[in-house]
Novice: 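Have a look at this one before I ask anything.
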Amino acid sequence: MGVMSMEQPQLLSKIATGDGHGETSSYFDGWKAYDKDPFHITKNPQGVIQMGLAENQLTADLVQNWIMSNPEASICTLEGVHNFKEMANFQDYHGLPEFRNAVAKFMSRTRGNRVTFDPDRIVMSGGATGAHEVTAFCLADPGDAFLVPTPYYPGFDRDLRWRTGVKLVPVICESSNNFKLTKQALEEAYEKAKIDNIRIKGLLITNPSNPLGTVMDRTTLKTVVNFINEKRIHLISDEIYAATVFSHPSFISIAEIIEQETDIECDRNLIHIVYSLSKDMGFPGFRVGIIYSYNDTVVNCARKMSSFGLVSTQTQYLMAKMLSDDEFVERFLAESAKRLALRYKVFTGGLIKVGIKCLQSNGGLFVWMDLRGLLKEATFESELELWRVIIHEVKINVSPGVSFHCSEPGWFRVCYANMDDRDVQIALNRIRSFVMKNNKEVTVSDKNTKHCWQSNLRLSLKTRRFDDIMMSSPHSPMAHSPLVKAST
């Protein structure tokens, strides 16, 4: 008797069996390469240096000193344990009033006190990741889409799309105008979506930009507000890098535009801000995300949905105490900007000495590095080939532009605030060795220019000064790398 063949039922969900998370991206592949072979100055000096993680570790000592001076701010100390029972008990999803008050005040301070924020509109979430997903759930249905200017943070493909079913439509920005968002680019993306029968429900901007490190000027922000009002779509302004701006031009929040610009019409129900303490304060592990919406219905719905990703009351309690310390906040923000500016100067200066330029920027925790001249061809395949060399042979995890949906090959995001000064110099030394080795391989292939190359090398060695200790490090020369043709 034959066995009847029956199609096996699908035992797991499409989310569980699919790849919607986006973990197959080269952005995450770089992290995996680091995890397998992490650099350590003594335990693994030839390992991969992590420059693909936008963390701010430059001010950790300031926070640690504050905690040591204010032990009662934690319920896990002898001084604060008497509040343990109260904080450990169940808390509703509105959040502690003192926490919402402190966050609203801090958000105002990071925007130069030019605008104020209503604590009753503060909705907490598990980091900016959760905040973005909740916002997407509130604004769009599966199949709807958000416009997103390129290049944009690779995590958006996970945060906004994976579980919500929302689509992202790129707004192409180009290097010819320093990737500035234009009205023309917005219109073209919107019209293309209409032709493709995609319903656009909103526009997502990141200001300051990740990965560019630039801030949007007032004119661009007004263009954005006029555009979303004209199209009757929402605007989500991701401002998680607000306090990482370390020089002029200063950061301008979308809140400042809608509250102070009198020559534009704006339906505030369309405006929503995503914020976090992860970047500005260096607290990514605390998972403090914030949704601030001018739409009452969105606030109410987001607050209910925050049940799935609340900030622990222990963290709320500590943050409320810290952010309410005006003297500390003032000192912290000033010192953070000072240290970021110095690190930016050191790192970009080191790159310039080996002929590598970056997009001029003044915010974020990274630079947008231009390696177009090192590509064999002006293709994304060539970009990924170069990226693999940097990962596996130069042993530095940087993120290729293709993972940020950049429209042009050859750009890379490099994070510089998640390491100490020594490791920065080691990274610069590895980059220097890589560039000079490839310059040598390219130039010596032409016998007629060999003498010229040797003279230029001696000159460059005299003019390119790095930390003496790092220059003599036995770990800075990298392994043999394949030829990467430099273009002129």
Side-chain angles (χ1 to χ4, degrees), residues 62-111 113 115-135 137-138 239-240 242-243 255 272-330 332-333:
L62 301 179
V63 175
Q64 289 172 356
N65 290 338
W66 185 90
I67 292 175
M68 291 176 66
S69 299
N70 298 270
E72 73 284 351
S74 171
I75 61 173
C76 296
T77 62
L78 289 175
E79 293 82 358
V81 72
H82 59 276
N83 287 316
F84 176 83
K85 182 178 180 181
E86 181 183 3
M87 289 299 108
N89 286 340
F90 174 78
Q91 301 286 337
D92 68 26
Y93 41 67
H94 285 76
L96 300 176
E98 54 267 39
F99 169 75
R100 289 186 283 111
N101 289 334
V103 169
K105 186 177 181 181
F106 183 74
M107 288 178 65
S108 179
R109 176 61 191 83
T110 56
R111 290 150 180 79
N113 289 318
V115 288
T116 57
F117 293 90
D118 182 357
D120 289 334
R121 293 193 177 278
I122 297 288
V123 180
M124 59 180 168
S125 182
T129 296
H132 273 295
E133 185 184 58
V134 168
T135 304
F137 271 125
C138 290
E239 301 183 356
I240 70 171
H272 322 276
I273 297 172
V274 168
Y275 188 55
S276 166
L277 298 182
S278 298
K279 311 302 181 181
D280 287 354
M281 296 295 293
F283 293 149
F286 280 15
R287 312 308 301 144
V288 182
I290 298 297
I291 301 165
Y292 188 91
S293 176
Y294 291 87
N295 186 308
D296 291 341
T297 304
V298 170
V299 170
N300 292 332
C301 180
R303 184 156 284 147
K304 296 183 181 73
M305 295 190 79
S306 69
S307 297
F308 299 99
L310 292 174
V311 179
S312 75
T313 49
Q314 177 183 351
T315 300
Q316 291 184 55
Y317 185 75
L318 178 64
M319 292 298 93
K321 297 289 186 182
M322 185 180 296
L323 299 184
S324 297
D325 186 337
D326 293 338
E327 184 180 341
F328 167 75
V329 169
E330 290 289 331
F332 177 92
L333 293 177

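As the structure is a computational prediction, the values presented were derived from the model and not from experiment.
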Novice: Write down the atom of Ser125, the atom of Val311, and the distance for their closest heavy-atom approach.
Specialist: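 So the two residues come closest at O-CG2, 3.5 Å.
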Novice: Show the numbers, then the answer: is there a side chain to side chain contact (heavy atoms under 4.5 Å, CB included) between Ile290 and Val123?
Specialist: CA-CA 6 Å; Ile290 298 297; Val123 180; over 6 Å; no
Novice: Are the side chains of Phe106 and Asn101 in touch, meaning some heavy atoms are under 4.5 Å apart?
Specialist: no
Novice: Is any NZ, NE, NH1 or NH2 atom of the basic residue among Lys321 and Glu98 found under 4.0 Å from an Asp or Glu carboxylate oxygen of the other?
Specialist: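 No, no charged N to carboxylate O under 4.0 Å.
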Novice: Evaluate the side-chain proximity of Val103 to Met319: yes if any heavy-atom separation is below 4.5 Å, no if none is.
Specialist: no
Novice: When you look at Asp280 and Tyr275, which way does the side chain to side chain contact (heavy atoms under 4.5 Å, CB included) test go after all the steps?
Specialist: CA-CA 10 Å; Asp280 287 354; Tyr275 188 55; 2.5 Å; yes
Novice: If only atom types and distance count, is the side chain of Ser276 paired as donor or acceptor with the main-chain N or O of Gly127 below 3.5 Å?
Specialist: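 No: the side chain of Ser276 does not pair with the backbone of Gly127.
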Novice: If we only count heavy atoms from C-beta on, is the Met281 to Leu323 side-chain gap below 4.5 Å?
Specialist: yes
Novice: If you look at every heavy atom in Phe283 and Val63, which pair is closest and at what distance?
Specialist: CE2-CG1, 3.7 Å
Novice: Please confirm whether the backbone N or O of Lys105 pairs with a side-chain atom of Ser108, one donor and one acceptor, at under 3.5 Å?
Specialist: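 Not confirmed, Ser108 side chain does not pair with Lys105 backbone.
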Novice: Write down the atom of Cys138, the atom of Cys301, and the distance for their closest heavy-atom approach.
Specialist: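 That would be SG-SG, 3.6 Å.
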Novice: Under the ring pair (Phe, Tyr, Trp, His ring centres under 6.0 Å) test, which residues partner Tyr292, sequence neighbours left out?
Specialist: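 So Tyr292 forms a ring pair (Phe, Tyr, Trp, His ring centres under 6.0 Å) with Phe117, Tyr294.
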Novice: Side-chain contact test, heavy atoms from C-beta onward, threshold under 4.5 Å: evaluate it for Val329 versus Leu333 and give yes or no.
Specialist: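 Yes, side chains in contact.
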Novice: Where is the tightest heavy-atom contact between Lys279 and Ile240, given as atom of each residue plus distance?
Specialist: CB-O, 3.4 Å
Novice: Does the side chain to side chain contact (heavy atoms under 4.5 Å, CB included) test come out yes or no for Met305 and Glu133, once each step is laid out?
Specialist: CA-CA 10 Å; Met305 295 190 79; Glu133 185 184 58; over 6 Å; no
Novice: If every non-hydrogen atom of Gly126 is compared with every non-hydrogen atom of Arg287, which pair is closest and at what distance?
Specialist: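 Heavy atoms of Gly126 and Arg287 come nearest at O-NH2, 3.4 Å.
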Novice: Of all the heavy-atom pairs spanning Leu96 and Gln316, show the shortest one and how long it is.
Specialist: N-OE1, 2.7 Å
Novice: For the pair Val274 and Glu239, evaluate side chain to side chain contact (heavy atoms under 4.5 Å, CB included) and give the outcome as yes or no after the intermediate values.
Specialist: CA-CA 6 Å; Val274 168; Glu239 301 183 356; over 6 Å; no
Novice: So, Arg121 and Asp296, do they make that salt bridge, N to O below 4.0 Å?
Specialist: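 Yes.
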Novice: Taking the side chain as everything from C-beta on, heavy atoms only, tell me whether Met124 gets closer than 4.5 Å to Arg100.
Specialist: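 In short, these two side chains do not touch, never coming nearer than 4.5 Å.
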Novice: Rounded to the nearest 0.5 Å, what separates atom CG in Asn70 from atom CG in Leu318?
Specialist: 9.5 Å
Novice: Can any side-chain N or O of Arg111 pair as donor or acceptor with the backbone N or O of Ala255 at less than 3.5 Å?
Specialist: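 No; judged by distance alone, with no hydrogens or angles, the pair does not exist.
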Novice: When rounded to the nearest 0.5 angstrom, what is the spacing between CG in Leu62 and CD1 in Ile67?
Specialist: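 Between Leu62 CG and Ile67 CD1, I get 11.5 Å after rounding to 0.5 Å.
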Novice: Would you say the side chain of Arg303 lies within less than 4.5 Å of the side chain of Ile291, judging by non-hydrogen atoms?
Specialist: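 Heavy-atom side-chain distance check fails, nothing below 4.5 Å.
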